[in-house]
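The model shown is predicted, which means the values in this text are computed figures rather than measured ones. Count residues from 1 along the sequence.
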Amino acid sequence: MDPRWLASLVDAMEQAARPELRNVPCDIDLISAVAVHLARPSPTFAHCGSAYSLRN
């Protein structure tokens with residue numbers, strides 16, 4: 001329930017939205033790695049329920 005992750009996300013998005021960073025082309029290796037990651041099937045947690053718990 002820590003709100004710091006949201007503040008970090010907002011900061012990262014604000015940095016990425018800056019025009020000087022948006023005009024820099026992405027590294028082709030990074031794009032390939034992201035494509036491979038997104039192509040993987042999403043994990044299912046049917047055998048043990050959700051991966052998230054309020055008891056963690």
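Criterion: ILVMFWY side-chain heavy atoms under 4.5 Å apart, direct or through other members. Under it, Ile28 and Val36 are not part of a common hydrophobic cluster. Under a hydrophobic clustering in which Ile, Leu, Val, Met, Phe, Trp and Tyr are joined whenever their side-chain heavy atoms come within less than 4.5 Å, directly or via other members, Leu30 and Val24 fall into different clusters.
Residue Arg18 holds its CZ atom at 12.5 Å from CZ of Arg22, rounded to the nearest 0.5 Å.
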